[in-house]
Undergrad: 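This structure is in structure tokens; I'll ask about it shortly.
The model shown is predicted, which means the values in this text are computed figures rather than measured ones.
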Number of protein chains: 2
Amino acid sequence: MARYQVGIRTERKILEATRELLSEGGLDAATLKAICDRAGVQAGSFYNIFPSKEQAVMQVAREAIQAVDPDPEDSGTETLDDLVDAYIRFVTDQSDLARIYLQIAVSSSNDDSVARRFLRHHVRRVERFADAMARESEASPADTTAKAEVLLGALDGLAFRWVLDRSFDFAKHARFAVAQCRR
Amino acid sequence: MARYQVGIRTERKILEATRELLSEGGLDAATLKAICDRAGVQAGSFYNIFPSKEQAVMQVAREAIQAVDPDPEDSGTETLDDLVDAYIRFVTDQSDLARIYLQIAVSSSNDDSVARRFLRHHVRRVERFADAMARESEASPADTTAKAEVLLGALDGLAFRWVLDRSFDFAKHARFAVAQCRR
DNA sequence: TCCAAAATGGAGTGTATACTCAAAAAGTCG
DNA sequence: CGACTTTTTGAGTATACACTCCATTTTGGA
């Protein structure tokens with residue numbers, strides 16, 4: 001039942017090809033054919049590993065986010081600055097994937113399962129922000145959650161702004177937002 | 001040659017059908033076939049009026065954006081609360097348009113005329129927010145603009161959040177954000 | 001009433017897409 | 001090796017899409 005090594009290697013090749021294509025040309029460029037061509041693989045192999053193209057795209061997005069996660073183990077030691085820095089790094093370093101992330105999230109509003117996944121991710125992130133805030137000052141829990149929601153909203157909104165205009169200084173405004181939040 | 005009345009009526013029917021479909025199911029739902037079916041028109045008629053589907057969608061988006069920005073003259077008397085209330089009303093009352101707005105903006109490519117239009121609209125709104133803030137307290141202009149950018153980012157982000165989960169209390173968090181901004 | 005321009009119907013085209021399937025090949029392990 | 005499982009192949013399917021073509025009908029001004 002254990003997977004063969006060659007299959008795992010193929011999975012990596014496919015994910016890498018998908019990641020490259022998403023970075024280069026966005027969602028539209030990452031067609032099944034393009035992914036398979038670049039990975040040097042046939043469509044059948046793709047579907048031997050992934051149930052759908054969307055699953056592969058989602059996994060790429062997930063890995064990109066994890067790659068900048070300051071505390072993947074969720075040990076509860078990260079600071080608010082750690083979290084904000086991670087967000088900034090994701091948006092500035094993995095800019096193309098950040099755009100894809102927004103694109104998928106916004107266009108998934110009809111498809112419940114995808115929207116729920118994004119929502120779950122968002123909620124978890126709000127909790128981590130709120131926990132980090134609670135660690136550095138003692139306000140009421142309800143207030144802290146609302147504050148975290150607003151701060152994360154500001155980061156999302158500024159990222160959206162940045163998608164429209166790449167000359168926008170995202171990092172500066174993100175730091176401004178968190179400073180204002182702390183006041 | 002002057003256009004016939006019937007052609008103008010057909011154009012309105014097509015635009016109306018497009019607007020409805022965009023509201024109901026987003027960009028994906030507004031296929032050429034769906035638009036023509038709802039407008040009670042054949043594909044040939046559509047292309048007698050519009051050079052492409054994209055043009056029709058663009059025109060709908062343009063009209064929607066104008067509807068959201070009813071005072072481009074900026075008479076200079078609106079308060080920050082006025083602006084935030086208008087935003088809240090737009091998101092809660094015109095929820096479908098809000099979603100389309102996000103969807104089109106985020107899926108338009110970077111150097112697109114569409115993206116530029118959204119950006120121009122955003123920048124103008126930031127200016128109005130900043131002006132309103134300046135009227136109720138005297139900080140440095142640069143600081144005020146950054147504050148306006150963050151506040152509007154927060155509103156955009158919270159709207160995005162609300163698109164993912166309609167049980168989210170957008171109005172409450174929006175007011176929380178502006179209160180925090182004023183502190 | 002005439003008639004050229006405008007509008008329409010609607011079948012048809014080309015293209016791109018995600019995805020399937022059964023047979024063949026290759027990997028794993030006793 | 002030999003039995004068993006996983007992986008790969010690659011042609012093939014189904015479908016959806018924007019858009020075209022042009023004969024026919026309708027319009028509205030002179």
Undergrad: Provide, to the nearest angstrom, the distance between the NZ atom belonging to A/Lys13 and the C1' atom belonging to D/dT7.
TA: 11 Å
Undergrad: Parallel, tilted or perpendicular: which one describes the rings of A/Tyr101 and A/His121, with boundaries at 30° and 60°?
TA: perpendicular
Undergrad: Look at B/Arg3 and C/dA7 and indicate whether a side-chain polar atom (N or O) is within less than 4.0 Å of OP1 or OP2.
TA: yes
Undergrad: Under a 3.5 Å threshold, yes or no: a donor from one side chain and an acceptor from the other, between A/Asp156 and A/Tyr87?
TA: yes
Undergrad: Quickly work out the A/Ile14 CD1 to C/dC19 C1' distance and round it to whole Å.
TA: 14 Å
Undergrad: For A/Ser45, answer base if it contacts any base atom (sugar-phosphate contacts may also be present), sugar-phosphate if it contacts only those atoms, and nothing otherwise; contact means non-hydrogen atoms under 4.0 Å.
TA: base
Undergrad: Using whole Å, what does the distance between atom C1' of nucleotide C/dA23 and atom CG of A/Asn48 come to?
TA: 14 Å
Undergrad: For D/dT20, does either OP1 or OP2 sit under 4.0 Å from a side-chain N or O belonging to B/Tyr47?
TA: no
Undergrad: Tell me which nucleotide among D/dC19, C/dT8, C/dG27 gets nearest to the side chain of B/Val6.
TA: C/dT8
Undergrad: Does the side chain of B/Asp165 come under 3.5 Å of the side chain of B/Ser167 through a donor N or O and an acceptor N or O?
TA: yes
Undergrad: Starting from P on C/dG10, measure out to CG on B/Leu32 and report it in whole angstrom.
TA: 16 Å
Undergrad: Quick one: label B/Gly7 by what it contacts on the DNA or RNA (base, sugar-phosphate, nothing), any heavy atom closer than 4.0 Å.
TA: sugar-phosphate
Undergrad: With nearest nucleotide decided by heavy atoms, which residue, B/Lys53 or B/Arg9, maps closer to the 5′ end of DNA chain D?
TA: B/Lys53
Undergrad: Using the rule given for salt bridge (charged side-chain N to carboxylate O under 4.0 Å, His left out), can you reason through B/Glu24 versus B/Arg38, listing the C-alpha separation, both sets of side-chain angles and the distance that settles it, and then say yes or no?
TA: CA-CA 13 Å; B/Glu24 290 169 15; B/Arg38 179 159 313 197; 2.8 Å; yes
Undergrad: Do A/Glu149 and A/His122 pair up side chain to side chain, a donor and an acceptor below 3.5 Å, judged on atom types alone?
TA: yes
Undergrad: Nearest-Å distance, CD1 (A/Ile8) to P (C/dG27)?
TA: 14 Å
Undergrad: Taking only the side-chain heavy atoms of B/Thr31 (C-beta and beyond), determine which of D/dC17, D/dT9, C/dT20 contains the nearest atom.
TA: D/dC17
Undergrad: Tell me the interatomic distance from A/Ile35, atom CD1, to C/dT17, atom C1', rounded to whole angstroms.
TA: 12 Å
Undergrad: Heavy atoms from C-beta onward define the side chain here; which of D/dA11, C/dT28, C/dA18 lies closest to that of A/Ala43?
TA: D/dA11
Undergrad: What is the distance, to the nearest angstrom, from the CG atom on A/Asp28 to the P atom on C/dA16?
TA: 13 Å
Undergrad: Report yes or no: is there a donor-acceptor pair, N or O only, under 3.5 Å between the side chain of B/Tyr4 and the base of D/dT27?
TA: yes
Undergrad: Which comes earlier along DNA chain C counting from the 5' end, the contact point of B/Gln5 or that of A/Lys33, where each point is its nearest nucleotide?
TA: B/Gln5
Undergrad: Tell me whether the side-chain N/O atoms of A/Thr10 come closer than 4.0 Å to OP1 or OP2 in D/dT8.
TA: yes
